[in-house]
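Note on naming: letters A, B, ... go to the chains in the order of the sequence lines (proteins, then strands), and numbering restarts at 1 for each one.
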Amino acid sequence: MRAIVGNTMVPTIRLTVPGTLRYRAIAVRVVGEACRLVSSSTQRDPDDPVVHDVRDPFDTAVISAFMEIFNNIAIHAYKRTGGGVIDLAITPTERELVIEVRDHGHPFDLDDVTPLPNELDEDSLPEGGMGIHIAKTMLDEMTYEPGPPNLWRLRKRLSANQAAGARRS
Amino acid sequence: MRAIVGNTMVPTIRLTVPGTLRYRAIAVRVVGEACRLVSSSTQRDPDDPVVHDVRDPFDTAVISAFMEIFNNIAIHAYKRTGGGVIDLAITPTERELVIEVRDHGHPFDLDDVTPLPNELDEDSLPEGGMGIHIAKTMLDEMTYEPGPPNLWRLRKRLSANQAAGARRS
Amino acid sequence: MPTPFEVQRHPTETRLAVRGSLDINTAPSLAEEIDAIIATRPPKVIVDLSGLDLIDSSGVAALVKLYKGVRGANGTVAITGARDQPLAIFKLLRMDKVFNL
Amino acid sequence: MPTPFEVQRHPTETRLAVRGSLDINTAPSLAEEIDAIIATRPPKVIVDLSGLDLIDSSGVAALVKLYKGVRGANGTVAITGARDQPLAIFKLLRMDKVFNL
Ligand SMILES: Nc1ncnc2c1ncn2[C@@H]1O[C@H](COP(=O)(O)OP(=O)(O)O)[C@@H](O)[C@H]1O
Ligand SMILES: Nc1ncnc2c1ncn2[C@@H]1O[C@H](COP(=O)(O)OP(=O)(O)O)[C@@H](O)[C@H]1O
């Protein structure tokens, strides 16, 4: 048991949950609150619940991406067996949020994921294979290193506007 | 980096946050969601925010107690300097929630805390010294071992009624 | 978990209101309802998403399934009221045009 | 953080509505407002807690300070609308009788 943060300048929030969908809500709450620490510039209603925080574009992007990554780990890496944990290291700064997600499930090759078709019409509407696309598009940076542990690194920056707002407040 | 839960029967949720009040909301969210895992028997509105969960008596008790313990660590153990982290180990089962809270701040003697007067009238209304009393009264068990790390152990059982509801659902 | 949706069947149209979070934990129960809706070969389905706060790709998949199933039986689907994060997701997936959002 | 309270001053009474969470993070700004209210020596203060979801001991301390300050200047304080977790806390502290809840 040792202080993890100590005197580093940027404190990191760590969360470990079982790698099943049952614990997803907890992880999403923590990520949502961490978003709030970054984007708290925005005027918020004090009794605005986390689920409504996704009115903020920054929070929308981070939560949308994170939900997909978490789902995929529970479903694909751990194959819905709940046989391991998901470790989060969340670092909120004034300008961005970095989330590292670690699991000990089956690794895969991110480059093998087929991209969504460029043009969508009624017939080509996808019924799956959207998660990685959503996560990647919502974030500024998304990397994956197969493990163990498998490591996702998700980064989202405040837009120039929002950052200016944050500094003013 | 090792799976903490592995094949133990009761998974534990772990959260590490800087020991300042700024991170209290994150910790309260996690505790609130963990309460939900225990008391999820109760019919809940799906878009009911965490802050409204405190309509449930189990959640009310746990969150009320936990807020006081967190405040005290940030204020008294870390003396508002933010010089360390707060580690939570939260274990929700079907019947109870156990929360271990660890800090590396200044230890104290819980037995030295003066209890609230038994009878309250207008003149004796307290303006402080209520936190420990609230936490102790709200929980089924509350112990403190001075450290390092200092260790709080908080336990709350579902009432017989609630537990029956949980098993039915 | 209580189901975050409500169905009203009228002779000329079926209304489906989804609220809260439509995600991998809640979509399976909606998918069952969607199968039931499609089986009735409704001429018109109106999906009201004004109460929907959050959606993930499993939720989108459920709605796509509804859309395809109803269209496949010559019905029409109107998706209304999407806002905030769900609207952002539909736009990102370029489904806003197909869905007429 | 937006302040979770609102004050209305009328000649005969002052109304203070507190909502959301009154805790160690929000109580300090309320405490300033409370000092300002006490300084006006109001004959009657009505505290509306119907919008209050959550309170901790710091929040209770702020309300006790208001209560004592107004009573000390011969005013009256009526606390109304407490429910759920805040009501449970006032009962636990046996303040519900003093506050007439
Ligand atoms: N964390 C993961 N571990 C293992 N495989 C994964 C992981 N994430 C994604 N995949 C693989 O990538 C594919 C595409 O993922 P995604 O775009 O989220 O769509 P879907 O999950 O609907 O298939 C998955 O089907 C799976 O094979
Ligand atoms: N985690 C802690 N570390 C050190 N001292 C503590 C801690 N918690 C409580 N104390 C001591 O116990 C006293 C009573 O705490 P409490 O009942 O919460 O009231 P208050 O914080 O308003 O003084 C505090 O004033 C402090 O001296």
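At a 4.5 Å heavy-atom cutoff, the contact between A/L120 and chain C is made by backbone and side-chain atoms alike. Residue A/E122 touches chain C through both its backbone and its side chain, counting heavy-atom pairs closer than 4.5 Å. Residue contact with chain A, scored on non-hydrogen atoms closer than 4.5 Å, involves the side chain of C/K68 exclusively. Contact annotation for A/N118: both backbone and side-chain heavy atoms come within less than 4.5 Å of a heavy atom of chain C. There is no contact between C/L87 and chain A, counting heavy-atom distances below 4.5 Å.
Between A/R95 and A/R157, the closest side-chain pair of non-hydrogen atoms is not below 4.5 Å. In this structure, A/I86 and A/L15 have side chains that are not in contact, with every pair of non-hydrogen atoms separated by 4.5 Å or more.
When each of C/D23, C/N25, C/D56 is paired with A/N71, the side chain to side chain donor-acceptor pair (under 3.5 Å) condition holds for C/D56 and for no other.
With values rounded to the nearest 0.5 angstrom, A/T60 atom OG1 is found 8.5 Å from C/L54 atom CG. Atom NE2 of A/H106 sits about 7.0 Å away from atom OG1 of A/T81, to the nearest 0.5 Å. One finds the OG1 atom of A/T20 at 12.0 Å from the CD1 atom of A/I73 (value rounded to the nearest 0.5 Å). Annotation: the span from A/M138 atom CE to A/I69 atom CD1 amounts to 12.5 Å, rounded to 0.5 Å.
Of all residues in residues 31-47 of chain C, none places a non-hydrogen atom less than 4.5 angstrom from a non-hydrogen atom of chain A. Using non-hydrogen atoms only and a strict 4.5 Å limit, the part of residues 94-101 of chain C facing chain A consists of C/R94, C/M95, C/V98, C/F99.
For C/Q85 and A/S64, the side-chain atoms include at least one donor-acceptor pair closer than 3.5 Å.
Chosen from A/M67, A/E68, A/R22, the residue pairing most often with chain C at heavy-atom distances under 4.5 Å is A/E68.
With respect to C/R83 and C/D53, a salt bridge is recorded, a charged nitrogen being found less than 4.0 Å from a carboxylate O. Salt bridge C/K65/A/E127: absent, no basic N to carboxylate O contact under 4.0 Å.
Of the possible polar contacts, none joining the C/Y67 side chain to the C/A62 backbone as a donor-acceptor pair under 3.5 Å is found.
In summary, the aromatic rings of A/Y23 and A/F70 are positioned with their centroids too far apart to meet the 6.0 Å limit.
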